[in-house]
Amino acid sequence: MAERSTAVDVADNSGDKPLTAQTDQSTADGVANNRERDTDSDEAQGSPTSEGSGKTSPPELHSGHKLARRYRLEECVTRLDGFSSWRAVDEKLRRAVGVHLLPADHARARSVLAAARSAALLGDPRFVQVLDAVEDNDLVYVVHEWLPDATELTALLASGPLEVYDAYQMVSQVASAMAAAHREGLAHLRLNPNAVLRTSTGQWRIRGLAVNAALRGISSDTPQRTDTEAIGALLYATLTQRWPYETDAHGLAGLPKDIGLIPPDQVRAGVHRGLSELAMRALANDGATASRHESPCTTPEELVKAIGEMPRIRPPEPAFTAPPQYQRTAYQQGAYGRSAPHIGATQPVPTPPPPLQSRTGKALKWGVSALLIAALGLGSWQLADALMDRDGSADDPNQTQTVDGDNDKNTQAPVPGKPVAITGARDFDPFGDQSEKPSDIGNVYDGDKSTYWQTDYYLSSDFGRLKPGVGVILDLGKVQQVGKVTVTFVGNTSVELRSAGKDATAEPTSFDAYQKVAGGSGTTVELKPDKALQSRYLLVWLTDLPVQADGTWRGRLADVTVTS
């Protein structure tokens, strides 16, 4: 790709028609605890330049203002250079979102729209997703995710450097995400600790891809080097809690003046040597000398390769505290009423009594032995007599026997249920946007477990706390006897079987019309109702999703069979 970039290379600046970014990324509800803070000055990361913003003033908006009769502005978090950023509420989907606003005649309005639309098309869950990019009369606004459970790297570094494993995960995830973005022609150019977030699940996400730079008119002749050096600065900060330049920034103290850029392991004791070298190789773009003579990394792709060549840093072993030693009480020791011995004191071992060696002792042993032999003989005689009586009773033709009919029934092999054909299926998302991957719905009953219907991806196993679940409605063609429903998933999934009942003549459209009849979790789950069930419409309702390789959560339903 060309090195020249103004935050986005893949951009269409010609269209006036607003484009809604189609993504299936979900966010969490609630009040955010991470404000979108942006510093007014651009840190020394590459050679960014700023375009003039003209004389346009930001639109006079206030809390409670509603955009497109949907996005209600709640709190202004940034007002700078002719634009403003807000925390807002999407009243249609009942979730928190972020909104950037600027006048339509702003000098950078067109480039902001182009950057937002290109970032939305990337659809990479490692980036905070752009949800909408709209020009509405005299106003341009960009709507993006708001992550209330995420914490900025700035806040994490306020208490000290990160642990080695956390720093390794940060640089690995951020570098691989930026490498993917550059492959699509997208650059960030404002990659600083305010733009990097860690979620409650430990995943790292990047905010403001292309858009933050476009809002400020920042460009670079070497966008890949600029972003690579920014990643190196982030790693340097996580290892040392210092900003690798002479100026203070992002709540971090800069390096002492006139000493140049020194490796992190010379700034702070105990820094991981491999990560220290990696930070220097990324920061070498600013004229520093790479530590230990390794070649500098000039692109995120090269940085990813360098990380892959390092010995893998494993997470720390969990610390288990030994349970306290069990102490028997004085009562358990048979010393109730007596003073307990001091803990830790050596107790004398009682001396066993001497064996019975006298004439009286020998006579006592012979007497006990004789009694035992007599008792054994009497017991054997009584047992033989009882067995003979029972045999005689069995031969008596007048003796009646009672046979438990239930036991006979239990010993019979169960009759296997007959397959019930599924005549149709539909995705069911009553608590979201009413649609969940409808194009793949036929895969759930095609008899092929290598194909599947999948949900959208979410930020946690409980659907990002957006909704209680999603599912698939099965149509059996007519009211049928349902004995068991077997579902097969890709990954461990929690699921409920719900029924519309035998009185439903048409497919119910509300969740409350389906009553839970069974539940379970696993990759292959047999859902058996507790009592006889007749129904035409069944709902397979997913309530907890498995994690995927990319760090998101997604449900995948491969097969469903119904038997009577």
Side-chain angles (χ1 to χ4, degrees), residues 39 43-46 151-179 188 190-199 202-206 225-257 259-298 300 302-317:
T39 57
E43 292 76 24
Q45 301 177 23
T151 306
E152 291 178 357
L153 181 57
T154 307
L156 295 174
L157 293 177
S159 58
L162 298 187
E163 295 294 333
V164 174
Y165 178 73
D166 292 332
Y168 173 74
Q169 285 295 312
M170 185 281 298
V171 71
S172 299
Q173 295 183 33
V174 171
S176 62
M178 289 309 306
H188 197 291
R190 276 188 60 83
L191 197 56
N192 54 48
N194 295 329
V196 178
L197 313 173
R198 186 174 70 180
T199 67
Q203 302 299 313
W204 293 89
R205 303 189 67 188
I206 301 172
R225 291 184 61 181
T226 299
D227 283 342
T228 304
E229 184 179 348
I231 299 171
L234 293 174
L235 178 57
Y236 197 105
T238 60
L239 296 174
T240 65
Q241 202 186 11
R242 300 289 291 265
W243 194 238
Y245 304 97
E246 293 184 353
T247 56
D248 300 345
H250 312 294
L252 301 172
L255 297 177
K257 297 182 182 298
I259 68 169
L261 181 60
I262 57 177
D265 54 4
Q266 295 182 19
V267 176
R268 174 176 168 267
V271 171
H272 188 276
R273 180 176 176 179
L275 292 179
S276 176
E277 294 176 359
L278 187 69
M280 293 300 291
R281 293 179 66 181
L283 284 168
N285 302 325
D286 196 37
T289 302
S291 177
R292 281 38 168 215
H293 309 291
E294 287 89 353
S295 60
C297 298
T298 59
E302 292 178 359
L303 192 57
V304 171
K305 182 179 179 181
I307 295 171
E309 293 172 350
M310 289 177 52
R312 184 177 180 182
I313 300 176
R314 299 188 178 277
E317 294 292 334

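Given the structure is predicted, the values throughout are model-derived calculations rather than measurements.
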(request) Run the salt-bridge test on R273 and E277 with the 4.0 Å N-O cut-off and return the result as yes or no. (result)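 Between E277 and R273 there is a salt bridge, with a charged N closer than 4.0 Å to a carboxylate O.
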(message) Quick check against the 3.5 Å criterion: does R198 have a side-chain atom that pairs as donor or acceptor with the backbone of L153?
(response)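 Answer holds: no.
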(request) Ignoring hydrogens and angles, tell me if any N or O in the side chain of D227 forms a donor-acceptor pair with the backbone of A230 under 3.5 Å. (result)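 Looks like no, no N/O pair under 3.5 Å.
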Heavy-atom check, side chain of [X] versus side chain of [Y], under 4.5 Å:
| X | Y | value |
| --- | --- | --- |
| L156 | D166 | no |
| V171 | L234 | no |
| Y245 | L283 | yes |
| Q241 | V267 | no |

(request) Give, for atom CZ of R242 and atom CG of D248, the distance between the pair rounded to the nearest 0.5 Å. (result)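 Here the interatomic distance stands at 8.0 Å.
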(request) Find the distance between CG (L157) and OG1 (T240) and round it off to the nearest 0.5 Å. (result)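 Between L157 CG and T240 OG1, I get 8.5 Å after rounding to 0.5 Å.
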What residues form a side-chain contact (heavy atoms from CB on, under 4.5 Å) with [X], not counting sequence neighbours?
| X | answer |
| --- | --- |
| V304 | A175, S176, A179 |
| V164 | H272, L275, I313 |
| A177 | R126, F127, I206 |
| P315 | Y165 |

(request) Please list, chain by chain and in numerical order, all residues satisfying side-chain hydrogen bond (donor to acceptor under 3.5 Å, both in side chains) with E302, sequence neighbours excluded. (result)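 Result, side-chain hydrogen bond (donor to acceptor under 3.5 Å, both in side chains) vs E302: T298.
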(request) Apply side chain to side chain contact (heavy atoms under 4.5 Å, CB included) to L239 and D265, showing your working. (result) CA-CA 8 Å; L239 296 174; D265 54 4; over 6 Å; no
